[in-house]
Amino acid sequence: MPQITIDYAAPLAASFDRHAFGLELHAITECTIGASVAACKTRFRRIEESVIADGDGSVDMVHIEVAVLSGRTQDAKTELARAVLDLARDRVRPAPGRRLDLSVHIADMDRQVYVAHQEDARGQGVPA
């Protein structure tokens with residue numbers, strides 16, 4: 001936890017350093033809401049097709065969803081959202097002749113019903 005999902009438009013694939021972005025995002029999450037880097041899990045999903053605005057095809061999007069355990073203040077979640085958007089503005093650039101649409105959503109996961117399990121190569125459970 002946090003569970004982070006980043007949807008990004010296919011035309012950004014060549015220029016978007018996803019690994020570096022994920023590592024920076026984990027550090028920001030630790031600094032803003034106190035979640036440990038070791039607990040962060042980020043997955044990237046390439047968007048092959050989308051329709052944005054009038055559908056002229058010149059807009060690429062990146063949408064970042066950060067799901068965190070419930071109980072954090074609204075101020076902390078707002079700070080995280082702004083920091084994540086700033087990171088995206090700094091690290092993701094539109095291709096020449098294209099526009100970029102960036103968005104961030106911070107979602108709560110109910111602590112009472114979130115469960116996780118990790119295991120090693122031998123099938124032994126390890127602390128999550």
Side-chain angles (χ1 to χ4, degrees):
M1 190 332 286
Q3 298 286 338
I4 304 166
T5 304
I6 302 174
D7 295 309
Y8 67 96
L12 299 171
S15 62
F16 182 19
D17 185 346
R18 295 173 297 280
H19 184 79
F21 187 88
L23 293 176
E24 288 184 67
L25 181 53
H26 293 177
I28 286 170
T29 302
E30 183 175 55
C31 290
T32 56
I33 63 168
S36 75
V37 167
C40 292
K41 298 167 185 76
T42 298
R43 65 182 173 271
F44 295 87
R45 298 187 300 199
R46 182 173 161 156
I47 304 167
E48 295 299 330
E49 186 175 355
S50 64
V51 176
I52 299 172
D54 63 4
D56 75 359
S58 67
V59 181
D60 295 324
M61 68 173 280
V62 175
H63 177 71
I64 304 166
E65 174 106 12
V66 183
V68 298
L69 288 175
S70 58
R72 293 189 167 80
T73 67
Q74 187 62 44
D75 287 344
K77 292 185 288 187
T78 298
E79 181 183 352
L80 177 60
R82 289 186 178 145
V84 172
L85 183 61
D86 288 345
L87 174 64
R89 290 176 63 199
D90 289 345
R91 298 291 182 253
V92 184
R93 295 281 178 242
R98 300 188 62 79
R99 292 182 303 138
L100 183 60
D101 183 290
L102 302 170
S103 58
V104 176
H105 179 239
I106 309 301
D108 281 328
M109 294 188 302
D110 187 339
R111 285 180 183 273
Q112 295 179 346
V113 295
Y114 176 80
V115 295
H117 172 77
Q118 295 178 354
E119 61 183 54
D120 63 20
R122 297 174 296 156
Q124 300 296 311
V126 296

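Because only heavy atoms are used, hydrogens play no part in the values below, and waters and symmetry mates are left out as well, while side chains stay in. Since the model is a prediction, treat every value here as computed from it, not as a measurement.
Residue pairs that meet the salt bridge (charged side-chain N to carboxylate O under 4.0 Å, His left out) test with at least one member in residues 2-25, sequence neighbours left out, are Asp7-Arg45, Glu24-Arg91. Within the structure, the side-chain hydrogen bond (donor to acceptor under 3.5 Å, both in side chains) test picks out the following pairs touching residues 30-42 (sequence neighbours left out): His26-Thr42. Applying the salt bridge (charged side-chain N to carboxylate O under 4.0 Å, His left out) test to residues at least two apart or on different chains, the pairs with a partner in residues 64-83 are Lys77-Asp108.
Put simply, CG on Asp60 and CG on Asp101 are 9.5 Å apart, with the number rounded to the nearest 0.5 Å. Taking SG of Cys40 as the start and CD of Gln3 as the end, the distance is 9.5 Å to the nearest 0.5 Å. Taking CD1 from Ile6 and CD1 from Ile4, the interatomic distance works out to 6.5 Å, rounded to the nearest 0.5 Å. Here the CD1-CD1 distance, from Ile33 to Ile28, works out to 11.5 Å after rounding to the nearest 0.5 Å.
Contacts of Thr5 classified as side chain to side chain donor-acceptor pair (under 3.5 Å), with partners at least two apart in sequence or in another chain: Arg43. In this structure Ser58 satisfies the side chain to side chain contact (heavy atoms under 4.5 Å, CB included) test together with Asp56, Arg99, sequence neighbours excluded. Partners of Asp120 under the salt bridge (Lys or Arg N to Asp or Glu O under 4.0 Å) rule, at least two apart in sequence or in another chain, are Arg122. Residues forming a side chain to side chain contact (heavy atoms under 4.5 Å, CB included) with Ser15 (at least two apart in sequence, or on another chain): none. With sequence neighbours left out, the side chain to side chain contact (heavy atoms under 4.5 Å, CB included) criterion links Arg46 to Tyr8, Ala10, Ala13, Glu48. Applying the side chain to side chain donor-acceptor pair (under 3.5 Å) rule to Glu119 yields the partners His117; only residues at least two apart in sequence or on another chain are considered. Partners of Ala88 under the side chain to side chain contact (heavy atoms under 4.5 Å, CB included) rule, at least two apart in sequence or in another chain, are Phe21, Ile64, Leu102.
For Arg98, the CZ atom sits in a packed shell: over 12 heavy atoms of surrounding residues, nucleotides or ligands are nearer than 6.0 Å.
Clustering ILVMFWY residues whenever any of their side-chain heavy atoms sit less than 4.5 angstrom apart, transitively, puts Leu23 in a cluster other than the one holding Leu80.
Using a 4.5 Å heavy-atom cutoff, the side chains of Ile106 and Val104 are in contact. Side-chain contact between Thr78 and Thr73 is absent, with no heavy-atom pair separated by less than 4.5 Å.
Although no hydrogens or angles enter the test, the distance criterion places a donor-acceptor pair under 3.5 Å between the side chain of Ser70 and the main chain of Arg111.
Across every non-hydrogen atom of Val84 and Leu25, the tightest pair is CG2-CD1, 3.4 Å. Looking at every heavy atom in both residues, Ser103 comes nearest to His63 through OG-ND1, 2.6 Å.
Hydrophobic cluster membership for Met61: Ile47, Ile52, Val59 (Ile, Leu, Val, Met, Phe, Trp, Tyr linked by side-chain heavy atoms under 4.5 Å, directly or transitively).
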